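These notes concern the structure reproduced below.
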Amino acid sequence: MSPNGTLDALLVEKRVFRPLPGQAIEANLPPQELEAARKKAQTAPLDIWEEAASELVWYRPWQAVVSAPDGAAFPRWFPGGQTNIVANALDRHVESAHRNTLALIFEYASGENKKFTYFELHREVCRLARAFVSLGAARGDRILIHMPTLPETVIGMLAAARIGAVHCLAPLGFSAKALRRRIEASRARIILTADIGLQGDRMAPIKPVVDEALAGTGETRVETVVVVRRSDQDIPMTEGRDLYYHDILGGGREASPPEPMESDEELFVLHAGSSLSAPRGIVHGHGGYMVGVYRTATWVLDLKPADVIWCTAEPAWITGHSYAVYGPLLAGATTVVVEGNPLAGHGQRLFEIIDRHGVSVLYTSPTLIRMMRRMGAAPGRDRDASTLRLLATAGEPIPPELWVWFHKTMGKGQCPLLDTWWQTETGMILLSPLPASLLAPGSVGRPLPGVSADVVDDAGNPVPPGKGGHLVLNAPWPGMLLTLDGDPEGYRRQYFERIKGVFFTGDMARRDEDGSFWIQGRADDVVQLGGHRLGSAEIEGALASHPALAEAAVIVVPDAMGATAAKAFLVPILDWDLRYDSEEDLVRDVKAHLRRELGTVAEVRFFAVRSCLPKTPSGKISRKALREEA
Ligand code: PRX
């Protein structure tokens, strides 16, 4: 325990990893330029984003970089500018020497794959765009996409955006009732769906769920349901409403020019995956989002046209939108999109796909890494993962022990492993080490050049290094949400009024002496023990360093006296019982380990041993389910 008795800085991780000199020099943002960008960010942060925007195609130049640069609510990026994100993701490359570079490699669960060059993907997107227009879709219309992961999911997003329509992806797995709420909220006129699709490990009917949702009482605006056919079985089709995808595509090659969009016109709506509150429709636009995602794809993920990136998130989630679809295409790289479980076959599928396509950048989640570790997954003898040169994770804290394991086993100690922090709301990575940075396992590094973040107390006063507080953003950034769908008041309240003058992220963090940030978890997951504020992530990090544990989660529960106490859910590794006689024996050892790691103040009072933890649809540990259970 630290001398002043606080726990904030207890779990200080001291290890650092240096990038290999060759890698740092070859990065899109090599060390000297990174230094220059950091300098520029201090005096002229907007220049960073303006330079990024200048590398892209605009139909009309912007009048200002941002309309309210002082952090006020509702800033608008590149006002006056006109562009279309798809013109930049596809047409720009089709008109360049990269026309015949691979844009998309799609891996079916069967092991077959389908490849599209930029030219071919552009042609498919134009065909569907023309079909959408012939169905009456126009600029500003909503198109709801309720699809399994298929090439048509990506094509559907790009075709909608091309004509100025707004895509709303509703992930599979919703009940008909929940889907109905999304359909109503989206005000969609067209739904793109499939007859069947892979859900978990099996093929499940999808269109019947859409039918049931549409049969509910009350009005929707849905006029057309477009169905991608996956099976040879006929399914009920409603006359006058339902059409097969392949029937609406024209064979022609006429151009379908991208619609020139105002920079702040809507591109998509996505419901935030928070398990803690009612879903919020987060709206992103063409211009700012495009610039932010492009810059982070090139600076953080270091994408170049020769790269093959596999972002394991499904396209239906924000990580998929930004770094499986738009980011890689804006950067002119090749994106690998995969149907089904990447860890099928005891994890061997992951290595097979990396080997088959020469994946160079792998962007994944701590949950997937944890599962890999649990399986003891390592490349088979005949599998080659040596094309990998950069690893990154997002979405949850990665405990230092897990970081070190992944860095060593997957990256052979040679690939930078970047822990990137961002949210559906931010649209783009905001805090992350860069390929040329020193890496500290468990830290999300510093705000990117041009991004301004701080750690503050409830009143908005900055807290000293080592202290925990609210992670806030004190200047706008280009990928920021435009608003909450249909709820501008809620937008203001939720993000701009919790702490005056800054954007409230809802996360807790601490900053160390070097200015690196350490995410402690959501504000609502903060464990307050004996007057000490400790993020559940820090206790979980300490638990994860126990050799017999594969996964652990901590929640706060009331004890018999009504005081708060911490409860840990432990998932041991597969052969834990070779080492321990009983669960009690294991728990005793874990308690002793926690005392060594955190001292006695962070006492975890209750333990439960499980074979797995409940997960949210996006794969995070569902604390809500754990709380309900407790
Ligand atoms: O709590 C933070 C956590 O995920 C939240 C955002 O989730 P979502 O909107 O689904 O966006 C996912 C995009 C990555 C954040 O508020 N989170 C995200 N990245 C990290 C993280 N927690 C710790 N470390 C991260 N790198």
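Indexing begins at 1, ligand by ligand and atom by atom, following the structure's order. Computed from a predicted model, the values in this text were never measured in an experiment.
Heavy atoms of G395 approach ligand 1 to within less than 4.0 angstrom.
Heavy-atom contacts of I318 reach the following atoms of ligand 1: 11 (O), 12 (C), 13 (C) (cutoff under 4.0 Å). Numbered from 1 in the order shown, with element, the atoms of ligand 1 that lie under 4.0 Å from a heavy atom of D507 read 1 (O), 2 (C), 15 (C), 16 (O). Against a heavy-atom cut-off of under 4.0 Å, T424 is close to the following atoms of ligand 1: 8 (P), 9 (O), 10 (O), 11 (O). Remark: ligand 1 atoms within the under-4.0 Å shell around heavy atoms of K620 are 4 (O), 5 (C), 6 (C), 7 (O), 8 (P), 10 (O). Each of the following atoms of ligand 1 lies closer than 4.0 Å to a heavy atom of A394: 14 (C). Which parts of ligand 1 touch T319 is read off a 4.0 Å heavy-atom cut-off, strictly below it: atoms 13 (C), 14 (C). Heavy-atom contacts of R522 reach the following atoms of ligand 1: 1 (O), 16 (O) (cutoff under 4.0 Å). Set against the non-hydrogen atoms of V444, the atoms of ligand 1 under 4.0 Å away are 26 (N).
Taking the six-membered ring for Trp and thresholds of 30 and 60 degrees, H284 and F268 have ring planes inclined between 30 and 60 degrees apart.
For the salt bridge (charged side-chain N to carboxylate O under 4.0 Å, His left out) with E401, the qualifying choice from R373, K408, R15 is R15, the only one to do so. With E184 as the partner, the side-chain hydrogen bond (donor to acceptor under 3.5 Å, both in side chains) test is satisfied by one option alone out of R187, R181, R180: R180.
With a 4.0 Å heavy-atom cut-off, ligand 1 is reached by the backbone of E396 but not by any atom from C-beta on. Residue-level proximity to ligand 1 for I398 is absent, since no heavy atom of it falls below 4.0 angstrom.
Contact check on D458 versus R498 returns no salt bridge, with no Lys/Arg side-chain nitrogen under 4.0 Å from an Asp/Glu carboxylate oxygen. By the 4.0 Å N-to-carboxylate-O rule, K467 lies too far from D457 to be salt-bridged with it.
For atom 20 (C) of ligand 1, the candidate residues are W317, W421, Y323; the nearest heavy-atom contact is made by W421.
For ligand 1, one of its N or O atoms has an N or O atom of Q423 under 3.5 Å away.
Residue pairs meeting the side chain to side chain donor-acceptor pair (under 3.5 Å) criterion with at least one member in residues 325-337, sequence neighbours excluded, are H167-Y326.
A side-chain N or O of W518 and one of D512 form a donor-acceptor pair less than 3.5 Å apart. Looking only at atom types and distance, the side chain of T298 has no donor-acceptor partner in the side chain of N28 under 3.5 Å away.
If you look at Y289 and W477, their ring centroids are not closer than 6.0 Å.
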